[in-house]
Amino acid sequence: MKRLRAAVTTLTLLGTLLIALPAAAAPGDEIVPGSLRVDATYENIGVRWSVSGDANLDSGMTLEFRRTGTTAWQPAAMAVRAYPGIIVNGSPLGLDYWGASAMFLERGTTYELRATLTDPDGGGETRTTTATTRHGLEPAPSGPGTRTLYVAPGNGGGSGTLADPIRGLQTAADMAQPGDTFIVTTGMYEPFQIMTSGTEEKPIAFVGSGHAVIDGADTDRGVVTVGNYDRNTSHVLLSDLTIQNGHWGVDAQNTQDISILRNSIRDVDFGVYNRRGNAVEARQEVCDNVIVGRTDWPQAGIPGERGIDLRGTGNVVCHNTVRYFGDCVSLQPSTGDSFGNDVYGNDAAFCVDDGIEIDYNQSNVRVWRNRVTNARMGVSVQPIAGGPAYILRNEFFNLESVPVKMHNDTTGFVVAHNTGVKVGNGHGDNGAMWRNATFRNNVFIGTRYAFEFTTIADEGFRDLDYNAWGTTREIGPGGPWFKWDNVRYDRIADLPTGVEDNGVEIGILELVGAGLPADWDVAVAPGVADLRPASGSVAINGGVQLDNLNDAFPIVGAPDMGAFEYGYALPSYGPRVAGVGDRFVDVPSGHLFYDEIEWLAETGITRGCNPPINDRYCPDNNVTRGQMAAFLVRALNLPAGPGDTFSDDDDSVFEDDIEALANSGITRGCNPPINDRYCPDNNVTRGQMAAFLVRALNLAPSSGDPFTDDNDSVFEDDIEALANSGITRGCNPPINDRFCPNQNVTRGQMAAFLYRALTP
């Protein structure tokens, strides 16, 4: 550890780091307080205090908060100064303010906020205001002026009762009025557009019940469109729906106060997208969804597709699972300013460019407790236009470039308690300008430089201390560990005074399970790494106390470096609702075969359809004869076969399963009467599946004839035995007088057949 120096722990002292104090105040050096701007989300309140004067930039700001009715003030997070002349993205910023956030508050609660400006040249002031955190959008409770209406597939008509539902979502949207809650029943629906606004007390809600699927049929437009180009639309809620197969999953145009909750959005180019970007967007909530795109990972370039792409102010993006996009989460404003946005609890993976992008946000944007895996960048701040931006307790694993992308003259951000492990540099700036940044209590480990920061700040400060840096390479043949201001340094003790005076070197084995792939383009399953500190790690108790930023997390002794405290369980990322995307991103909790597929995975009968990641089940894919063999062998624990029965399975990954199936008498082949071939790549029909199961389970024959379409099938006896055992109900519910013996079996249907066959 380097020579101990006093940690900068107060907001006022951080402000004085901007430039050295002059010998005497000059005219215009005193600060002149202006107006306060306050932005509240569910858990945080941001304060931005416009100022003028203070030409020598030696002022400071503190922010304190307390819940109304209490007496004790608590310190908020460290403040950040933005000033007009600093260059951001090639031009003077033109903004003059101090900003800070009070974080980790209670929802729907009023707080007092006390902001204090200080300046040795004069002009300081203390000002108190109040703000209330938001409580979130919910369907209107039953009462006067509200309706609960049922919707079923179709087009037109219906009174909205359960017995006589409205036919079609567009019919429902056209009749919507504030206070309506539409219960969307099981079935397949066409795309729709809602252009009517609700109110704060009476939102308009579309709530899925059962397995409600809105299918875009590969539309080049939105599957669900909220709003329109010529109007603002607000107070609309979409929840518990499957939205699939289109260019935009949810096309949100000129929207405010909308909530997208607990949905499965899949097979789309863009998940939730603010397409108009007319600087009116605000207070949008996208939480607890599973959003799966079409963008292949890895690839070169920067694809335009985004999983969640919101404009404006006061947005909350939380606890989503997002996969296979260019940027997984983006809160980059295209027009206008952007304040007070929150991104937390998300599980972003297979992001060709950024896991989380907050470019061009101005003040009080907060990104915490997210996991980013298999991406080019972790969090992009290229640039923050003044700040503060707080990047806190995020987990980064297997990135192509850097954990925090600091390009385009970014300024005004705090990076604290993050853990990143990757091939290449542990961190770096790629030669870009960055300043007015504070790094505290992080763990970053690479295989090349621990860090490579090559640019020299043009102004402002770079405050790096109490961080743990590591690399797997050795000194000497491997090269030095550090590169600072384009100068190489072997070890952390060799760095210039003021750079990591209390920092430490850390080894990759000091984390529980941080083994990397051979290179960044080798996929790892999200969650496979365990980046918590291992016993004896230098990260334990190695950090420094950070006002407010540590309040929501367990601390034993001094704070541990990195995203996790030693001895505590890993956090849960992605949807908080039990069952939503728990195992496979393409099988949401509302899926028709969700329970059966989950059972199949829990019992080890299926591992997924995209090895080695296996985060998909592919429920709509047809089952091949080779896959059928694997399902049955695992389900029945069949013994291996001794011979080589078939001539066409030698190159099949299922050869051992096929031989086991033949050895047990469950299959006879696919080319009777010779039967020297198995046809492992052929699809399994429902009739063939009946034969497989009857032989596998030794089912008794049946004397009944429940189906009208199997009389000419060679599998009629097997089908009747299957029906008699309760394993099949038919293919045309609710009548179920047909079996459809020649139709292919999907993987979802196969799960249902096996579940019914093998459970009491």
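Keep in mind that what you see is a predicted model, and the values were worked out from it rather than measured. All residue numbers in this chain count up from 1 along the given sequence.
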Nearest heavy atoms of Asn736 and Cys731, plus distance in Å: OD1-N, 3.7 Å
Answer yes or no: is there a donor N or O on one side and an acceptor on the other, between the side chain of His417 and the main chain of Asn442, under 3.5 Å? no
Side-chain donor or acceptor of Asn320 paired with backbone N/O of Cys318 under 3.5 Å: yes
Mind running side chain to side chain contact (heavy atoms under 4.5 Å, CB included) on Phe631 and Leu600 for me, showing each step along the way? CA-CA 9 Å; Phe631 277 130; Leu600 215 65; 3.7 Å; yes
Would you compute the distance between atom CD1 of Ile391 and atom CD1 of Ile358 and round it to the nearest 0.5 angstrom? 5.0 Å
With a 4.5 Å heavy-atom cut-off, do Val250 and Asn263 have their side chains touching? no
Beyond-backbone contact of Phe444 with Pro403, side-chain heavy atoms, under 4.5 angstrom: yes
Side-chain donor or acceptor of Thr447 paired with backbone N/O of Gly424 under 3.5 Å: yes
Out of curiosity, Asp620 CG to Gln749 CD, how far, rounded to the nearest 0.5 Å? 9.0 Å
Would you compute the distance between atom CG of Asp240 and atom OG of Ser264 and round it to the nearest 0.5 angstrom? 11.0 Å
Is any side-chain heavy atom of Ile308 closer than 4.5 Å to one of Phe325? no
Does Asp709 use its side chain to pair, donor to acceptor, with the backbone of Cys740 at less than 3.5 Å? yes
Which pairs, with at least one residue in residues 646-665 and sequence neighbours excluded, count as a side-chain hydrogen bond (donor to acceptor under 3.5 Å, both in side chains)? Thr645-Glu659
Answer yes or no: is there a donor N or O on one side and an acceptor on the other, between the side chain of Asn245 and the main chain of Gly216, under 3.5 Å? no
Extract all donor-acceptor atom pairs below 3.5 Å that involve side chains of residues 512-531 and protein atoms in other chains or at least two apart in sequence.
from	atom 1	to	atom 2	distance (Å)
Asp530	OD1	Arg532	N	3.2
Asp530	OD1	Arg532	NE	2.9
Asp530	OD2	Arg532	NE	3.3
Asp530	OD2	Arg532	NH2	2.7

State, with a plain yes or no, whether a side-chain heavy atom of Pro153 is found less than 4.5 Å away from one of Met188. no
Write down the atom of Thr728, the atom of Arg756, and the distance for their closest heavy-atom approach. CA-NH1, 4.1 Å
Is a side-chain N or O of Lys422 found less than 3.5 angstrom from the main chain of Ser401, in a donor-acceptor match? yes
For the side chain of Asn370 and the backbone of Trp368, is there at least one donor-acceptor N/O pair under 3.5 Å apart? yes
Within the 4.5 Å heavy-atom criterion, are Arg376 and Ile302 side-chain neighbours or not? yes
Residues Asp327, Arg306: salt bridge by 4.0 Å N-O rule: yes
Which value, rounded to the nearest 0.5 Å, describes the distance between Asp347 atom CG and His319 atom NE2? 11.0 Å
Output the distance between atom CG (Leu310) and atom OH (Tyr273), rounded to the nearest 0.5 Å. 11.0 Å
Kindly say whether Arg266 contributes a backbone atom to a donor-acceptor pair with the side chain of Asp586 at under 3.5 angstrom? no
Assess whether atom CZ of Arg294 is packed by more than 12 heavy atoms of other residues, nucleotides or ligands within 6.0 Å. yes
Check whether any side-chain heavy atom of Tyr344 sits under 4.5 Å from a side-chain heavy atom of Leu392, and report yes or no. no
Tell me whether Asn289 contacts the main-chain N or O of Ile265 through its side chain, where contact means a donor paired with an acceptor under 3.5 Å. no
Pairwise side-chain contact, Phe753 with Arg686, heavy-atom cut-off 4.5 Å (strictly under): yes
Under 6.0 Å from the CG atom of Leu570, do we count more than 12 heavy atoms belonging to anything else shown? yes
Could you list the residues that satisfy side chain to side chain donor-acceptor pair (under 3.5 Å) with Tyr617, not counting sequence neighbours? none
Would you say that Tyr573 contacts Glu395 through its side chain, given a criterion of any heavy-atom pair below 4.5 Å between the two side chains? yes
Criterion side-chain contact (heavy atoms from CB on, under 4.5 Å) against Asn622, the qualifying member of Val745, Asn683, Thr685: Asn683
With no hydrogens and no angle check, is any side-chain donor or acceptor of Arg369 less than 3.5 Å from a backbone partner on Ala563? yes
Looking only at non-hydrogen atoms, find the nearest pair between Glu285 and Ser259 and report the distance. OE1-OG, 2.8 Å
For the CG atom of Leu241 and the CG atom of Leu169, what is their distance to the nearest 0.5 Å? 7.5 Å
Please work out whether the ring planes of Phe739 and Phe707 are parallel, tilted or perpendicular, with thresholds of 30° and 60°. tilted
Looking only at side-chain N and O atoms, does Glu357 offer a donor or acceptor that is under 3.5 Å from a partner on Ser330? yes
Could you walk me through whether Asp288 and Arg576 satisfy the salt bridge (Lys or Arg N to Asp or Glu O under 4.0 Å) test, starting with their C-alpha distance in whole Å, then the side-chain angles of each, then the deciding distance to 0.1 Å, before giving a yes or no? CA-CA 6 Å; Asp288 297 297; Arg576 293 164 291 189; 2.7 Å; yes
